[in-house]
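The structure appears right after this line, and notes come after that.
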Amino acid sequence: MAALSKSIPHNCYEIGHTWHPSCRVSFLQITGGALEESLKIYAPLYLIAAILRKRKLDYYLHKLLPEILQSASFLTANGALYMAFFCILRRGLLTIYMANLVLLFCITAAMYMFFFRCKDGLKGFTFSALRFIVGKEEIPTHSFSPEAAYAKVEQKREQHEEKPRRVNMIGLVRKFVDSICKHGPRHRCCKHYEDNCISYCIKGFIRMFSVGYLIQCCLRIPSAFRHLFTQPSRLLSLFYNKENFQLGAFLGSFVSIYKGTSCFLRWIRNLDDELHAIIAGFLAGISMMFYKSTTISMYLASKLVETMYFKGIEAGKVPYFPHADTIIYSISTAICFQAAVMEVQTLRPSYWKFLLRLTKGKFAVMNRKVLDVFGTGASKHFQDFIPRLDPRYTTVTPELPTEFS
């Protein structure tokens, strides 16, 4: 068991920012590196989201940059303020362990899809994102009647047939897809009026697979073009990369499983019920097998808890605690950062790599050997590392690196 009641005489320079004796300089270095990495993460993310949501020019001119800077400053503060308070407090918390990834995502997806199907269940960005992913056909409260929908479909087909089509690959593919859509069964409760149930699921898979593939390609563009002249062959990895297909398979299979299950339940029960979304969402969660991401799973689960908490407040079932979401997030972040210092072996490798990237590698040069007294195995993966400390700023005579001893 970790002996967390023990104390050590070392100061923050000897343990934390071993690369520079000044707390202020170390804080500024961490802040600069974290800001740079945050902008690399959020700039393409918001740009892709704006393109997918077909934002107008006014958004790009007045809102895109402030939103990027807001999110970047949030992530920067996570890395920079940890080092600041490390110097101020020089203490930490215990760590927690992660739950089963896929099962957690299945449960989370089931609840999200149920709220999505319920009237006023979800609002804002979450509702818009799910509507984009699974389509408005799965929303029970359509603004148009089945008769109007059929008339609209027929009008589209007539206009489409009037236009002369060139014989090319795209035209042939479109003709093939149209032939599939016109034939096949569709239950009367299904609202995908242009397609039968089979083509409805196939189209959903193709659409979201393409979105996932393109998103992953765009995220890899900065790193690929960095090696444009030194390693031109790496440009091929931009398009032929395992992660590109994994994200595409994850999104595509999630949508197709959800839609397929929903259609199946409508056929079996001969009605359209919000409860179908729980079963369909749970089964769709199995798609996480294609793209195992603790970040996605834990983030969505935490947002689900937040959504249910605020719904409980609206219903008068649970009390309201001011800034509860901020407090919970702060505690969770503190626990994860504490684990990164005291028990790196308990973190997922992907999260540890993210912290190294955020701090420009400085998280790895903490003097964890002096922390072994607490019994957490802090230096387990850093046995060969001994920091080069300036004796003028230390309280204990520093151990010399191997080459100087």
Side-chain angles (χ1 to χ4, degrees), residues 49 67 70-71 73-75 77-78 81-82 85 89 91-134 136 138-142 254 257-258 261-262 265 271-288 292-340 346-348 351:
E67 288 184 2
Q70 183 181 15
S71 296
S73 61
F74 157 75
L75 188 57
N78 275 266
L81 293 181
Y82 178 79
F85 283 101
L89 301 175
R91 60 191 294 267
L93 298 173
L94 291 173
T95 187
I96 57 173
Y97 295 94
M98 303 293 184
N100 183 277
L101 185 63
V102 176
L103 180 60
L104 176 63
F105 183 72
C106 287
I107 296 172
T108 303
M111 297 307 299
Y112 263 119
M113 300 317 299
F114 173 70
F115 287 131
F116 175 69
R117 288 293 308 273
C118 293
K119 186 177 181 180
D120 298 326
L122 293 175
K123 299 177 182 178
F125 176 76
T126 305
F127 178 81
S128 300
L130 286 177
R131 182 175 60 182
F132 172 78
I133 293 173
V134 300
K136 62 183 180 181
E138 294 300 328
I139 306 174
T141 53
H142 266 314
F254 180 89
I257 293 174
Y258 177 80
T261 306
S262 297
L265 292 173
L271 57 87
D272 191 19
D273 192 348
E274 288 86 355
L275 295 177
H276 293 173
I278 297 179
I279 301 174
F282 185 87
L283 294 178
I286 300 174
S287 60
M288 178 62 72
K292 295 179 181 179
S293 173
T294 301
T295 304
I296 294 176
S297 185
M298 295 300 294
Y299 174 77
L300 292 177
S302 63
K303 294 298 290 184
L304 175 63
V305 173
E306 178 186 320
T307 300
M308 296 179 70
Y309 170 67
F310 283 112
K311 283 189 173 296
I313 293 175
E314 292 176 1
K317 301 295 183 181
V318 295
Y320 172 70
F321 298 98
H323 309 295
D325 53 342
T326 304
I327 295 171
I328 294 172
Y329 174 80
S330 300
I331 294 173
S332 302
T333 303
I335 292 172
C336 290
F337 274 61
Q338 169 66 10
T346 64
L347 291 179
R348 285 184 63 86
Y351 186 69

* To do: Evaluate the salt bridge (Lys or Arg N to Asp or Glu O under 4.0 Å) criterion for residues Glu306 and Lys303: first the C-alpha distance (whole Å), next the side-chain angles of each, then the deciding distance (0.1 Å), finally the verdict.
  => CA-CA 5 Å; Glu306 178 186 320; Lys303 294 298 290 184; 3.4 Å; yes
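Within the 4.5 Å cutoff, no side-chain heavy atoms of Met308 are placed close to those of Val318. Using a 4.5 Å heavy-atom cutoff, the side chains of Leu130 and Glu138 are not in contact. Residues Phe282 and Thr261 have side chains not in contact (no heavy-atom distance under 4.5 Å, counting atoms from C-beta outward). Using a 4.5 Å heavy-atom cutoff, the side chains of Tyr258 and Ile133 are not in contact.
Residue Pro319 comes nearest to Tyr309 through the heavy atom pair O-OH, 3.2 Å, listed as atom of the first residue, atom of the second, then distance. When all heavy atoms of Glu274 and Arg117 are compared, the closest pair comes out as CG-O, 3.5 Å. Of all heavy-atom pairs spanning His276 and Leu271, the tightest one is CE1-O, 3.2 Å. Met113 approaches Gly281 most closely through the heavy-atom pair CG-CA, 3.9 Å. Nearest heavy-atom pair across Tyr112 and Leu122 is O-CD1, 3.7 Å. Considering every non-hydrogen atom in both Cys106 and Ile286, the closest pair reads SG-N, 3.6 Å.
In the displayed structure, Glu67 atom CD is contacted under 6.0 Å by more than 12 heavy atoms of other residues, nucleotides or ligands. Applying the 6.0 Å contact sphere to CZ of Phe132 captures more than 12 heavy atoms from other residues, nucleotides or ligands.
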